Amino acid sequence: MADPQQVLDARVRDALGAAFGAEYRGLDPLIRPSSFADLQANVALPLGKRLGRPPREVAAELIGHLDVGGICAEPTVSGPGFINFTLLDDWIAGEAGDLLADPRLGVPLAAEPRTVVVEYSSPNIAKEMHVGHLRTTIVGDAIARVLDFAGHHVIRDNHVGDWGTPFGMLIEHLLDVGEESAGAQLLRTDPNTFYAAARAKFDADPEFAGRSRERVVKLQSGDPATMRLWDELMELSRAYLRGIYRLLRVTLTDDDIRGESFYNDMLADTAAELIAMGLATDSDGATCVFPPGFTGRDGTPLPVIIRKRDGGYNYSTTDLATVRYRVDKLNADRAIYVVGSEQALHFQMIFAVARLAGWLPDTASFEHAKIGLVLGTDGNRLRTREGDTIKLSDLLAEGLGRARGILDELETSAELGPQTLAAIAEDVGIGAIKYADLSTARDSGYVFDWDRMISFRGNTGPYLQYATTRILSIFRKAGLAETDAGAPIQVTAPAERDLALRLLGFGAVIAQVEQTAEPHRLCAYLFEVASLFTAFYEHCPVLKAGDEATRAARLALCAVTLRVLRAGLGLLGVPVPERM
RNA sequence: GCGCCCGUAGCUCAGCCGGAUAGAGCAGCUGCCUUCUAAGCAGCGGGUCGCGGGUUCGAAUCCUGCCGGGCGCGCCA
């Protein structure tokens, strides 16, 4: 409970109760950061209104009942009735010291852990991931890591596209080129080329197209020979994904893959139950549910098609079966779908139907964590088909190349071996790309600008990495491990105070990300911490401090900062090199 | 037509569970390396928060109507 906002919240609530009666204890004290002090309480203004008394008078009375001894100086009333709090330097120092001793850095374990399914990444098998998949993968992984750390039971769920009509084509093509051929190996290394070849043949060769259609039927009827080939296709694709995820430091494994095919044998039942409940009706030969409140172009009800006219099922049915599975079998009481925002309406309707059917209880929170479009510098969407999409492999290679180029120009790199340098370049390049994706609000579309993404300045991954390596460098020079720094922290210089105070907010930020599934808030926080640290670094000599106590205190402050930055970057999945 | 999202400094974006003078990075300008990595620090300039109403003691933030842009909307996923 180091977060000053929470500490003061509790104190002011006590004072509200004491001053105005128990029923006022539940009032939100409205503690906010202040530009006139450290924090301010705004509660006196609405309360004055409610009591019919001048807000300044209410504020004064509140202060009279307020016990903040040892935490801050005597609160003051200013303006129309704001209560300003200035925290005591000693309190800040003490709390920061407690943080150093706290393995969880002020982040409480969830009192009531929830089972949370995080669906993310979800690429299509046999297609190379592009920047759009990159974003859902990176953001989803950060969300999963944060929820994990907060103490929830997280189930990572990679809902890959591994089923449907294209697979007839892909399997036939795999047969044609031969399972052990170089052509088949493209699935591991360059799946787009494999897919494109199959597609081209499908479009040009009627005989192949016919075979492909027959293959789809065999696939969906579970023909053993076809299933074996499908498994082979999947294994090659898993190998591709393993490589990408390893390079990206994404925590997804083969075990997290639960693709569309997984729900195949639940589809008929799902549709049948909807019909039996009277929710689904026949419409133009298709079986549809019309959830209330959704209308289309002409004010006509919008359907969720659960069975096509030809009797086949589509992705709506799969998504409904998925909801049921997550609730019934996984016991999920929260599910976060990290999926493109263009599917917003689809998920609204799926969740609405699932609620209607009683499959999604009110106690379960199923959320669509919308991911905005990735745009080109021309403001248009980056598209796969137009040929102007940046291939993921090219993107990552360029990231590493640029990182390496910058490292090579630095003097400090000269003393490092080539392997070390390559490893650092990878950390920096991958970190830059991931951080760029994480640091803007996930639901806003963002312009993919290579120079900005790879930029090593400002609110970027490398800037944060750099801050951590500077701290590590201090410890190296001192011949100490950061765990050796345990002296009482002192807060005397302004830069020390600003830094220490901000470090106390780590728990609050994690709580916020946990709640909103918005990792960019953590990025913003870490950038503040890193900025405050570099200011401290410039203004407050550590190893060359005037006296031994100051030196030890500053080393301890460095250690807390290091731990917060490392933990935060770890939760974002951004690697942290030892030196840069 | 309906749904979701967006419109904040020259550019890219935060802030939006209402609070006192709207923040950051980049770009521009000025300083700072005999002292722990200058991938840095200190500072300056730069904004009708798309427009109009409404609610409120108080609106970038909430409601509403426009304007402009993006995405989606019946048998692809």
Side-chain angles (χ1 to χ4, degrees), chain A residues 28 30 32 34-36 40 42 45-46 48-49 55 78-82 84 122 124 161 163-166 260 283-288 293-310 312-316 318-319 340-349 368 370 372-373 375 379-381 406-407 409-412 428 439-441 443-447 449 451-452 455-460 462-463 465-467 469-478 495 515 520-521 523-524 527-528 531 534-545 554 558 579-580:
Chain A
D28 185 347
L30 301 170
R32 300 284 185 268
S34 174
S35 43
F36 297 87
Q40 61 185 52
N42 300 331
L45 286 89
K49 186 81 177 174
S78 76
F82 300 110
N84 289 345
S122 309
N124 289 316
W163 203 247
T165 42
E260 292 167 358
S283 174
D284 286 339
T287 309
C288 304
F294 295 92
T295 50
R297 287 182 215 290
D298 315 315
T300 55
L302 267 184
V304 173
I305 297 172
I306 57 163
R307 194 168 58 196
K308 297 186 290 183
R309 191 186 311 202
D310 66 8
Y313 302 106
N314 62 10
Y315 76 124
S316 289
T318 304
D319 282 348
S341 58
E342 63 269 24
Q343 295 202 40
L345 184 60
H346 166 70
F347 283 121
Q348 274 184 39
M349 296 182 73
H368 178 197
K370 304 185 213 14
L373 287 175
L375 309 170
N380 292 318
R381 179 182 187 166
I406 291 168
L407 285 172
E409 288 174 19
L410 296 175
E411 287 177 25
T412 47
V428 172
S439 56
T440 54
D443 57 341
S444 64
Y446 91 107
V447 176
D449 183 331
D451 291 328
R452 192 170 293 115
S455 166
F456 291 78
R457 310 182 81 94
N459 185 13
T460 65
Y463 178 81
Q465 291 171 325
Y466 181 50
T469 58
R470 287 175 113 174
I471 301 174
L472 286 165
S473 173
I474 290 174
F475 282 105
R476 257 199 312 275
K477 281 248 160 47
Q515 195 175 16
H520 78 278
R521 295 178 185 281
C523 293
F527 177 57
E528 283 178 38
S531 300
T534 49
F536 161 78
Y537 181 89
E538 296 284 339
H539 299 298
C540 302
V542 177
L543 300 179
K544 292 170 180 138
R554 288 181 176 169
C558 285
R579 51 171 74 197
M580 289 169 73

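Here is how names work: the chains are called A, B, and so on, in the same order as the sequence lines, proteins then strands, and each is numbered from 1. Since this is a predicted model, take the numbers as computed values, not measurements.
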Determine the contact category for [X]: base if any of its heavy atoms lies under 4.0 Å from a base atom, sugar-phosphate if only primed atoms, P, OP1 or OP2 are that close, otherwise nothing.
| X | result |
| --- | --- |
| A:Ser78 | base |
| A:Thr469 | base |
| A:Ala467 | nothing |
| A:Arg521 | sugar-phosphate |
| A:Pro541 | base |
| A:Gln40 | base |
| A:Asn314 | sugar-phosphate |
| A:Pro80 | nothing |
| A:Phe36 | base |
| A:Gln348 | sugar-phosphate |
| A:Tyr537 | base |
| A:Ala535 | sugar-phosphate |
| A:Thr460 | nothing |
| A:Arg309 | base |

Separation between the C1' atoms of B:U8 and B:U61, rounded to whole Å: 12 Å
From [options], nucleotide with atom closest to [X] side chain:
| X | options | answer |
| --- | --- | --- |
| A:Ala344 | B:A77, B:C4, B:C41 | B:C4 |
| A:Met580 | B:A39, B:G19, B:A24 | B:A39 |
| A:Arg457 | B:A39, B:C75, B:G40 | B:G40 |

In whole angstroms, how far is the [atom2] atom of [N] from the [atom1] atom of [X]?
| X | N | atom1 | atom2 | value |
| --- | --- | --- | --- | --- |
| A:Glu528 | B:A24 | CD | C1' | 9 Å |
| A:Met349 | B:G3 | CE | C1' | 10 Å |
| A:Leu30 | B:A59 | CG | C1' | 15 Å |
| A:Glu538 | B:A38 | CD | P | 7 Å |
| A:Asp443 | B:G7 | CG | P | 10 Å |
| A:His346 | B:C75 | NE2 | C1' | 14 Å |
| A:Asp28 | B:G19 | CG | P | 12 Å |

Minimum heavy-atom distance between [X] and [Y], given as atom pair plus value:
| X | Y | answer |
| --- | --- | --- |
| A:Phe536 | A:Cys558 | CE2-SG, 3.9 Å |
| A:Phe294 | A:Gln348 | CE2-OE1, 3.4 Å |
| A:His346 | A:Ser316 | CE1-OG, 3.7 Å |

Establish, with yes or no, whether the OP1 or OP2 oxygen of [N] is under 4.0 angstrom from a side-chain nitrogen or oxygen of [X].
| X | N | value |
| --- | --- | --- |
| A:Tyr466 | B:A39 | yes |
| A:Lys308 | B:C76 | yes |
| A:Ser444 | B:C6 | no |

Short side-chain to backbone donor-acceptor contact, [X] and [Y], under 3.5 Å:
| X | Y | answer |
| --- | --- | --- |
| A:Ser473 | A:Thr469 | no |
| A:Arg554 | A:Pro541 | yes |
| A:Asp284 | A:Ala286 | no |

For A:Ser341 and A:Asp443, test the side chains for any donor-to-acceptor distance below 3.5 angstrom and give the result as yes or no. no
Is the NZ or CZ atom of A:Arg457 positioned over A:Tyr463's six-membered ring, under 6.0 angstrom from the centre and within 45° of the axis? no
If a stem is a run of at least 3 consecutive Watson-Crick or G-U pairs, both distances under 3.5 Å, which stems include RNA chain B? B:1-7 with B:67-73, B:10-13 with B:23-26, B:28-32 with B:40-44, B:50-54 with B:62-66
So which one's nearest nucleotide on RNA chain B is more toward 5', A:Pro301 or A:Ser35? A:Ser35
Pick the nucleotide of RNA chain B nearest each of A:Ser439 and A:Arg307; which residue has the one closer to the 5' end? A:Ser439
Between A:Tyr537 and A:Arg470, does the side chain to side chain contact (heavy atoms under 4.5 Å, CB included) criterion hold? Intermediate values first, please. CA-CA 9 Å; A:Tyr537 181 89; A:Arg470 287 175 113 174; 3.3 Å; yes
